[in-house]
Amino acid sequence: DVKVTQSSRYLVKRTGEKVFLECVQDMDHENMFWYRQDPGLGLRLIYFSYDVKMKEKGDIPEGYSVSREKKERFSLILESASTNQTSMYLCASSLDAGAGNEQFFGPGTRLTVL
Amino acid sequence: KQEVTQIPAALSVPEGENLVLNCSFTDSAIYNLQWFRQDPGKGLTSLLLIQSSQREQTSGRLNASLDKSSGRSTLYIAASQPGDSATYLCAVGGANSKLTFGKGITLSVRP
């Protein structure tokens, strides 16, 4: 079974702090994704990566950056956290960029920015 | 831009009922369609994946169908149980495995 893990289930940070959210997958997947989920807005793609050191912006990249130094790990960085970044953050992975690959999700990190 | 709609937003049914959850999308040029389940405060669990060339997929009591030309998919749940209570999300796959999600249907199965 594919396993996607996220470093924290719950996180509380203060405005202006630098925040790191970590995601690790154990199935040698090439693609990794970061989403945020908000009531009434659904899931929105922040960034994705289709290879080590490669990244592409999703629909809402503003205020975020990412890092992928190793194939199994994809980090989401909030350079200066703001209250409007309070959300549920979900990481996912899929086999490769080929069409039709299933995405597998981690358990999510509930981030609260005070 | 692809848009995915799931109506209604919430559904309550008695235990044992067979039910259908609907999903519609605006652009029929899709690679696949995936149905997920999400329990409160948790991540997404993949239920079924239908490739663009397929018409349906089955897993246990679940059956998902895909009609690309009309931009519709349905998730059929047979003999519903209280444990099926969750939010069900439909997501349409485009290039680079990117998914566009509907907002989900929150299902409550009453004992």
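To find a chain, count down the sequence lines: A is the first, B the second, and so on, and within it residues start at 1. In this text, all values refer to a predicted model and were calculated from it rather than measured experimentally.
- With a 6.0 Å radius and a threshold of 12 heavy atoms from other residues, nucleotides or ligands, A:R44 has its CZ atom above the threshold.
- Under the 4.5 Å side-chain heavy-atom criterion for grouping Ile, Leu, Val, Met, Phe, Trp and Tyr, B:L47 is connected to B:F25 within one hydrophobic cluster.
- In this structure a side-chain-to-backbone donor-acceptor pair under 3.5 Å is present from B:Q34 to A:Q103.
- Atom CD of B:E3 has 12 or fewer neighbouring heavy atoms from other residues, nucleotides or ligands inside a 6.0 Å radius.
- Using a 4.5 Å cut-off between heavy atoms, B:L89 contacts chain A through its side chain alone, with no backbone atom that close.
- Interatomic distance, CG of A:L45 versus CZ of B:F101, reported as 9.0 Å (0.5 Å rounding).
- For the pair B:L99 and A:Y35, the minimum side-chain heavy-atom distance is below 4.5 Å.
- Residues B:L75 and B:I105 share a single hydrophobic cluster, defined by chaining ILVMFWY side chains whose heavy atoms lie under 4.5 Å apart.
- Grouping the Ile, Leu, Val, Met, Phe, Trp and Tyr side chains by contacts below 4.5 angstrom, directly or via other members, places A:L11 with A:V113.
- Residues A:Y50 and A:I46 do not share a hydrophobic cluster, clusters being chains of Ile/Leu/Val/Met/Phe/Trp/Tyr side chains in contact below 4.5 Å.
- For the pair A:R9/B:K42, a side-chain contact is recorded, criterion being any heavy-atom separation below 4.5 Å from C-beta on.
- The NZ atom of B:K103 lies 11.5 Å from the CG atom of A:L43; values are rounded to the nearest 0.5 Å.
- Only the side chain of A:Q37 has a heavy atom closer than 4.5 Å to any heavy atom of chain B.
- Comparing B:A9, B:S46, B:G93 by how many heavy-atom pairs each has under 4.5 Å with chain A, the most go to B:S46.
- Cluster membership for B:L48 and B:L21, using ILVMFWY side-chain heavy atoms within less than 4.5 angstrom, is shared.
- Annotation for B:L44 and A:L90: closest pair CD1-CD1, 3.7 Å, computed over non-hydrogen atoms.
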